[in-house]
Amino acid sequence: MTTYGTIPTSSAGDSPSLEFVSRAKERLRSGLATRRPWKEMFNIRSIGLPINFPDAVNRVKTNISFFRMNYVIIVLLILFLSLLWHPISLIVFIVMMAVWLFLYFLRDEPLVVFHRTIDDRVVLIVLLILTIVFLLLTHATLNILVSLLIGVAVVVLHAAFRKTDDLFLDEEAASAGGLLTTPGSTAGPSSSS
């Protein structure tokens, strides 16, 4: 039987791997969509000294919440650049990054091994341990630690000196970063009638 004028949405021959790849691309795209424009992050007019230490801490909290994906990219780039002189470590880093992407970040269904569902926390802990062990086996431990410290220092310095006056968080992002207070958590005096 022929049907004219219809557009098939999927065929029985579609492979599950192509479906996984398209879902993975969509999740990666949505994850990278949380990245803020670099122009906004490095706006020269938004740089200034904090007034005091609590102001610096508030700036760091707000900026890390706002520029989270940008900061992750910066730290990973610094780590990547530090591993250029250690090719084996660089290969291990790239392989482990791919493993993290497919087993943790791009997965939208629970991980099932031997007919048992594995909790996301277990996957996170196992991947973290494997990444650390494999990178330590490449004998680039000091290089990795120094590059991570440099990356964290760069992030904290930028976050402390970047003014937060022009940043506008949506309610979900602000509450996730602990930037909103609930009505019952205000420190002011309460009046009772």
Evaluate the side-chain proximity of Leu135 to Met96: yes if any heavy-atom separation is below 4.5 Å, no if none is. no
Test item: Trp38 and Ile73 side chains (from C-beta on) under 4.5 Å apart, heavy atoms: yes
Kindly give the heavy-atom pair with the smallest separation between Asp55 and Asn52, and that separation in Å. N-OD1, 2.9 Å
Pairing residues for [X] by the side chain to side chain contact (heavy atoms under 4.5 Å, CB included) criterion, not counting sequence neighbours:
{"X": "Val75", "answer": "Leu148, Val155"}
{"X": "Ile129", "answer": "Ile125, Val133"}
{"X": "Val72", "answer": "Leu76"}

Report all side-chain donor-acceptor pairs from residues 78-85 shorter than 3.5 Å, counting only partners two or more places apart or in another chain.
| unit_1 | atom_1 | unit_2 | atom_2 | d |
| --- | --- | --- | --- | --- |
| Ser82 | OG | Leu79 | O | 2.8 |
| Ser82 | OG | Ser147 | OG | 3.2 |

Co-membership, hydrophobic cluster, residues [X] and [Y], 4.5 Å side-chain:
{"X": "Val122", "Y": "Val113", "value": "yes"}
{"X": "Leu77", "Y": "Leu101", "value": "yes"}
{"X": "Leu137", "Y": "Leu142", "value": "yes"}
{"X": "Val99", "Y": "Val126", "value": "yes"}
{"X": "Ile132", "Y": "Leu124", "value": "yes"}

Under 4.5 Å side-chain heavy-atom separation, chaining through any Ile, Leu, Val, Met, Phe, Trp or Tyr, what else clusters with [X]? Say none if it is isolated.
{"X": "Leu145", "value": "none"}
{"X": "Ile44", "value": "none"}
{"X": "Ile47", "value": "Leu49, Leu157, Phe161"}

Going by salt bridge (Lys or Arg N to Asp or Glu O under 4.0 Å), name the pairs with one or both residues in residues 69-79, residues two or more places apart or in two chains. none
Could you work out, with ring pair (Phe, Tyr, Trp, His ring centres under 6.0 Å) as the rule, every residue matching His158, not counting sequence neighbours? Phe42, Tyr71
Point-to-point distance, once rounded to the nearest 0.5 Å, from [atom1] of [X] to [atom2] of [Y]:
{"X": "Arg45", "Y": "Lys163", "atom1": "CZ", "atom2": "NZ", "result": "11.0 Å"}
{"X": "Ile64", "Y": "Arg162", "atom1": "CD1", "atom2": "CZ", "result": "13.5 Å"}
{"X": "Ile88", "Y": "Phe134", "atom1": "CD1", "atom2": "CZ", "result": "14.0 Å"}

Name all pairs fulfilling the side chain to side chain donor-acceptor pair (under 3.5 Å) condition that reach into residues 121-136, sequence neighbours left out, sorted by first residue then second. Trp100-Thr131, Asp119-Arg121
Would you list the pairs meeting side chain to side chain donor-acceptor pair (under 3.5 Å) in which at least one residue belongs to residues 88-97, sequence neighbours left out? Ser89-Thr138
Taking only residues two or more places apart in sequence, or in another chain, which ones meet Asp120 in a side-chain hydrogen bond (donor to acceptor under 3.5 Å, both in side chains)? Arg107
